[in-house]
Number of protein chains: 2
Amino acid sequence: MALISKSSEYGLRAALYIAARPDEAHVSVREMSAQMDISFHFLTKILQRMTRAGLLASTRGAKGGLALAQPAAKITLLDIVRSVEGDDLFRECLLGLAGCGEKRPCPLHRHWAKERARIEKLFRKMTLARLARETARDGLRLAD
Amino acid sequence: MALISKSSEYGLRAALYIAARPDEAHVSVREMSAQMDISFHFLTKILQRMTRAGLLASTRGAKGGLALAQPAAKITLLDIVRSVEGDDLFRECLLGLAGCGEKRPCPLHRHWAKERARIEKLFRKMTLARLARETARDGLRLAD
DNA sequence: TTATTTTAAGACCCGGGAGTCTGAAAATGG
DNA sequence: CCATTTTCAGACTCCCGGGTCTTAAAATAA
């Protein structure tokens with residue numbers, strides 16, 4: 001099981017690709033799909049969702065493409081994942097019990113809640129700006 | 001996205017149900033599916049995998065059912081999840097990049113590896129015995 | 001032996017995520 | 001205007017996890 005869907009993976013990588021761009025020009029889906037080896041049509045669909053969510057700004061026609069609609073420091077991993085796959089980043093209860101929480105905990109609740117909170121914080125605090133900076137500084141990769 | 005599959009959830013709950021039983025008698029799938037409100041046939045299929053993996057022992061016929069094949073202190077969450085859904089508890093790389101690791105990290109690797117290790121440790125250290133003990137002591141629930 | 005209870009095994013179906021394809025619509029450049 | 005480049009939109013296919021159903025096999029009880 002993956003923590004996030006493939007769509008979210010692609011969305012994150014594309015957002016990083018755009019943010020890591022030195023210039024402010026629009027980036028075409030065609031270029032990104034080629035550079036990161038992702039299906040063009042599939043990536044298009046994902047980026048449309050991010051555009052509708054207000055994370056990206058699109059311009060069509062020649063010289064068109066996608067750009068960030070907000071400063072990279074304002075966009076978090078949580079924003080991106082949520083825009084792509086909805087509001088449930090991952091299920092709260094490991095055992096899938098409805099209403100599991102402090103009030104009515106499942107046997108694993110105490111143990112899992114701690115980890116879950118850490119991951120949620122990571123996604124909520126991590127911005128595109130910080131990731132793009134680290135990516136540039138350390139020469140990290142966005143494709144195989 | 002859920003961290004583990006529904007099959008794993010059911011497998012964990014059933015294992016806990018059996019481990020929490022005061023007596024050592026075999027428990028029927030019929031009883032567990034009714035008590036925990038899980039599809040009988042689906043639960044059967046999951047428990048068969050756990051039986052083949054050597055975690056449970058089954059006896060059929062009247063008075064038959066399932067029991068732990070090992071001491072509860074020997075069975076970990078990791079054992080159970082692995083027996084149900086294979087060896088990949090969750091993908092190592094958040095971005096889904098092949099070969100992501102210390103050598104060739106993706107932009108999120110440093111941040112995610114830390115969390116991943118904690119979760120893996122939780123699953124590896126947590127035994128059925130301990131969970132059953134806590135469940136009994138605190139009156140925790142295995143169903144909605 | 002016969003009937004009953006229970007797991008074992010596998011075929012089958014359904015819905016949704018993943019990915020493809022086609023045809024627009026919008027903007028630019030000549 | 002016309003051709004090209006690009007996003008936008010939606011129908012379509014494929015595969016797999018989740019779930020149902022049927023039949024066989026094993027054990028017990030009468």
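Lettering of chains follows the sequences in order, A, B, ..., and the numbering in each one begins at 1. Side chains included, hydrogens not; waters and symmetry mates left out as well; all remaining heavy atoms used. None of the values given here were measured: they were computed from a predicted structure.
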To the nearest angstrom, how far is [X] atom [atom1] from [N] atom [atom2]?
X: A/Met36; N: C/dG19; atom1: CE; atom2: P; value: 14 Å
X: B/Arg49; N: C/dG10; atom1: CZ; atom2: C1'; value: 13 Å
X: A/Arg30; N: C/dC21; atom1: CZ; atom2: P; value: 12 Å
X: B/Lys6; N: C/dG17; atom1: NZ; atom2: P; value: 14 Å
X: A/Met50; N: D/dA9; atom1: CE; atom2: C1'; value: 19 Å
X: B/Lys63; N: D/dA27; atom1: NZ; atom2: C1'; value: 13 Å
X: A/Leu43; N: D/dC8; atom1: CG; atom2: C1'; value: 14 Å
X: B/Arg52; N: C/dT7; atom1: CZ; atom2: C1'; value: 12 Å

OP1 or OP2 of [N] under 4.0 Å from side-chain N/O of [X]:
X: B/Tyr10; N: D/dG19; result: yes
X: A/Ser39; N: C/dT20; result: yes
X: A/Ser58; N: D/dC8; result: yes
X: A/Ser7; N: C/dA18; result: yes
X: B/Thr51; N: C/dT7; result: no

>> Closest-nucleotide mapping onto DNA chain D: is A/His41 or A/Gly61 further toward the 5' terminus? I mean the 5' end.
In response: A/Gly61
>> Return whichever of B/Ala62 or A/Leu47 has its heavy-atom-nearest nucleotide of DNA chain D closer to the 5' end.
In response: A/Leu47
> For A/Arg30, does the CZ atom have more than 12 heavy-atom neighbours from other residues, nucleotides or ligands under 6.0 Å away?
Replying inline: no
>> Quick check: do A/Tyr17 and A/Glu31 have side-chain heavy atoms less than 4.5 Å from each other?
In response: yes
> Are B/Tyr10 and B/Leu47 side-chain neighbours, meaning at least one heavy-atom pair lies under 4.5 Å?
Replying inline: no
>> So if I take every side-chain heavy atom of B/Phe42 and compare against D/dG19, C/dT7, C/dA8, which nucleotide ends up nearest?
In response: D/dG19
> Where the side chain of B/Phe40 is defined as all heavy atoms beyond and including C-beta, which of D/dG18, C/dT20, C/dT7 is the nearest nucleotide?
Replying inline: C/dT7
> Does the distance from a Lys or Arg side-chain N to an Asp or Glu carboxylate O, for A/Glu9 and A/Arg13, drop under 4.0 Å?
Replying inline: no
>> So that I can tick it off, tell me whether A/Arg130 and A/Glu134 are bridged by a salt bridge, with the cut-off set at under 4.0 angstrom between side-chain N and carboxylate O.
In response: yes
> Between the base of C/dT7 and the side chain of B/Arg60, is there any donor-acceptor pair under 3.5 Å?
Replying inline: yes
> Can you find an N or O donor on one side and an acceptor on the other, under 3.5 Å apart, linking the side chain of B/Lys45 with the base of D/dG19?
Replying inline: yes
